[in-house]
Amino acid sequence: MSTLQQNKSEKTGPFAVFHKVTGKLVDIISILSFVFMTIFTLLNALYRFAPNFLPFAYTWGEEASRYLMIAGLMLGISIGVRNNSHQGVESIVKMFPKALQNMIHAAANILTSATYVVMAVLCMQFVYSTMYFGQTSPSLKAPMALIYFLLFLGFVLAVLENLVLFYRIFIKKELEATEGKEAGVL
Amino acid sequence: MMSLIMAIVFFITLFMGMPIFVCLLIGCIVPFFVVGDIPMFVLAQRLFTSIDSYSLMAIPFFMIAGSLLSKGGVSKRLVDLADAVVGWLPGGLAIVTFLASGFFGAISGSSVATVAAIGSIMVPAMLAAGYDKYFTLATVASAGYLGIIVPPSIPLVLYGLAANTSVSELFMGGFIPAMMLIIAQGIYCIYYGKKVKVKQTPFTLRNTWDSFKKSILALLMPIIILGGIYSGVFTTTEAAAVAVLYGLIIGVFVYREINFKTFYEIMKDAVVNSSVLMMIVAGATIVGFIMTREQIPMMVSQAMISISESPVVFMFLANILLIIFGTFMDAAPAITIMAPILAPSLGPYGIDSVAFGVIMVVNLGIGMITPPVGLNLNVAASLANEPLDVTMNKHLWIYMTLAILAMIVMMVFPQVVTFLPNLLIK
């Protein structure tokens with residue numbers, strides 16, 4: 001098989017398609033979470049001054065917007081991993097020779113994946129412990145296990161994206177280990 | 001014991017270049033696993049409770065609002081206004097950079113966003129007007145940190161939550177320090193302008209009035225946010241959400257620079273940036289839980305008092321510690337980690353929590369232009385396609401010295417910070 005055909009089969013392979021589709025879904029759901037979070041918060045402010053503005057009692061807005069933020073943030077972890085934009089301190093690693101830098105970055109990536117896996121397991125334990133008691137949220141009456149499941153989902157997606165990132169950096173060598181990290185938050 | 005293991009694991013992984021929030025998480029997982037007297041799923045529970053906060057929602061909102069305005073054409077209009085007001089002075093464009101960054105900071109609350117938004121306009125303009133690239137990049141990078149000092153400010157929100165201090169008072173406390181910094185840096189710009197004799201914009205009342213009219217909608221934004229908060233109409237979070245709506249209306253219907261594609265990109269950036277920041281907050285909260293359990297903040301407080309009972313000495317020691325921390329860490333993680341450790345010491349020393357919070361943010365703002373990390377330097381260098389070294393020059397050191405001097409004035413005379421909150425809120 002030629003290199004071109006190989007690349008083509010990689011780009012249209014089942015995992016690549018799955019990765020692309022889940023990536024797009026995660027993007028859209030997280031953006032929608034933030035959009036509705038904004039709408040619910042604005043309605044909250046409006047409802048305080050005009051309680052008759054809505055034809056129903058709007059008591060669940062604050063809670064819904066908080067959970068939507070959590071959904072957006074947890075899904076956002078995996079988007080951040082995909083863009084390699086989770087900030088790290090690179091100044092010490094840069095002092096070492098290039099070969100050693102690569103080894104440290106590879107070890108760091110594996111440790112990061114391991115941390116996401118441990119967090120996913122702990123979050124699942126937390127979900128199970130909540131399911132046992134059948135706890136629901138105060139206003140929405142939504143099962144809390146479902147809300148806590150967002151934490152698990154966030155870390156599982158982060159593991160997947162981190163493995164893809166490892167493949168792109170260290171196997172395919174498509175991008176540098178520090179690429180994207182320059183973009184800061186504040 | 002847990003704190004010691006946590007510190008060792010945290011610093012090893014941090015210096016390996018791992019994401020900061022992962023360093024914080026792994027720093028908590030290992031001692032939980034080794035000591036084993038608390039169920040490990042408490043980590044997941046703590047992570048959830050730390051981000052399940054209505055007040056913290058202000059942060060994603062400020063991020064979205066800042067992006068909407070910077071991509072919606074507001075930064076250009078703010079620069080035009082600043083140019084009309086101070087562009088006639090020697091070194092006028094450099095002062096414009098500081099003033100426009102101050103205006104923009106009153107909208108965005110982010111340092112890097114301010115450098116990117118104002119710098120993308122000012123770097124080409126200053127270079128074309130004859131300013132050398134070293135001075136230009138140092139100016140743009142230094143002006144950027146006004147973004148986190150001028151209210152509303154994301155780091156001040158974080159400090160308020162971490163140290164249990166009123167965010168409204170912190171916002172009000174940021175005004176005078178920001179003006180002090182603009183004036184101090186502006187004086188150096190005038191000195192440079194007189195020495196190098198660069199192009200100046202002639203002052204006309206008509207031009208100033210026209211620029212004011214064009215930027216009035218942008219200038220209304222901080223009035224809506226801060227006016228809404230201080231009049232009691234909105235909470236900080238609601239005010240931030242109103243800022244998003246206002247930014248969207250201006251960008252889509254008035255300036256017509258935001259379409260569906262731009263909006264999608266803005267929201268995606270906001271999701272990622274908020275997630276990066278809030279995960280650091282979550283990790284730092286779990287670290288705080290372990291440290292509180294082992295009474296570390298109390299030990300730090302006692303150790304500080306054993307060194308000196310003078311509040312000024314405490315301020316100096318704390319700020320030296322923060323400067324060291326700020327040289328290799330961004331303002332947000334540094335605040336979320338350090339504020340819970342240092343805040344309990346403020347009471348015994350009789351230091352105002354608002355004054356300390358603002359000084360802390362100024363200090364960590366200086367960290368944004370301090371090598372080796374200094375995110376503002378990276379952004380400024382990338383705006384001019386120059387290597388990072390170009391930003392690290394004598395002008396940068398002068399700006400840093402002036403900022404440190406201003407900070408020392410705030411430490412010795414905290415009334416500089418507390419005057420406005422005491423006058424208008426308390």
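Note on naming: letters A, B, ... go to the chains in the order of the sequence lines (proteins, then strands), and numbering restarts at 1 for each one.
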So which bits of residues 22-32 of chain B come within less than 4.5 Å of chain A, counting non-hydrogen atoms only?
B:V22, B:L25, B:I26, B:I29

Strictly by salt bridge (Lys or Arg N to Asp or Glu O under 4.0 Å), give each pair with a member in residues 32-45 of chain A just once, sequence neighbours left out.
none

Does A:D27 have any side chain to side chain donor-acceptor pair (under 3.5 Å) partners at least two apart in sequence or in another chain, and if so, which?
A:R82, B:K268

Just wondering, are more than 12 heavy atoms of other shown residues or ligands nearer than 6.0 Å to OH in B:Y264?
yes

Could you check which of A:L42, A:V93, A:I39, A:N44 has the highest count of heavy-atom pairs closer than 4.5 Å to chain B?
A:L42

Part of B:V242 within contact of chain A (heavy atom distance under 4.5 Å)
both

State, to 0.1 Å, how close A:M37 and B:P60 come at their nearest heavy-atom pair, and which atoms those are.
CE-CB, 4.0 Å

In this structure, CZ of B:F48 is separated from CZ of A:F126 (nearest 0.5 Å) by 7.0 Å

As an exercise, state the distance from CG of B:L47 to CE of A:M119, rounded to the nearest 0.5 Å.
5.0 Å

Where does B:S53 contact chain A at under 4.5 Å (heavy atoms): side chain, backbone, both or neither?
backbone

For the candidates A:L75, A:T130, A:I77, which exhibits the highest count of non-hydrogen atom pairs separated by less than 4.5 Å from chain B?
A:I77

Answer whether the closest heavy-atom distance between the side chains of B:L245 and A:T38 falls below 4.5 Å.
no

Do the side chain of A:R66 and the main chain of B:M57 share a donor and acceptor less than 3.5 angstrom apart?
no

If you measure from CD on A:Q125 to CD on B:Q45, what distance do you get to the nearest 0.5 Å?
12.5 Å

Let me know if B:M279 has heavy atoms under 4.5 Å from chain A in its side chain, its backbone, both or neither.
side chain

Chain A contact via B:F263 - side chain, backbone, both or neither, heavy atoms under 4.5 Å:
side chain

B:V233 portion near chain A, given a 4.5 angstrom heavy-atom threshold
both

Does A:F36 have more than 12 heavy atoms from other residues, nucleotides or ligands lying within 6.0 Å of its CZ?
no

A:V121 vs B:M40 side-chain heavy atoms within contact, under 4.5 Å:
no

Show me the donor-acceptor pairs, under 3.5 Å and distance only, between side chains in residues 136-155 of chain A and residues at least two apart or in other chains.
from   : atom 1 : to     : atom 2 : distance (Å)
A:S137 : OG     : A:E63  : OE2    : 2.8
A:S137 : OG     : A:K141 : N      : 3.2
A:S137 : OG     : A:A142 : N      : 3.1
A:K141 : NZ     : A:P138 : O      : 3.0

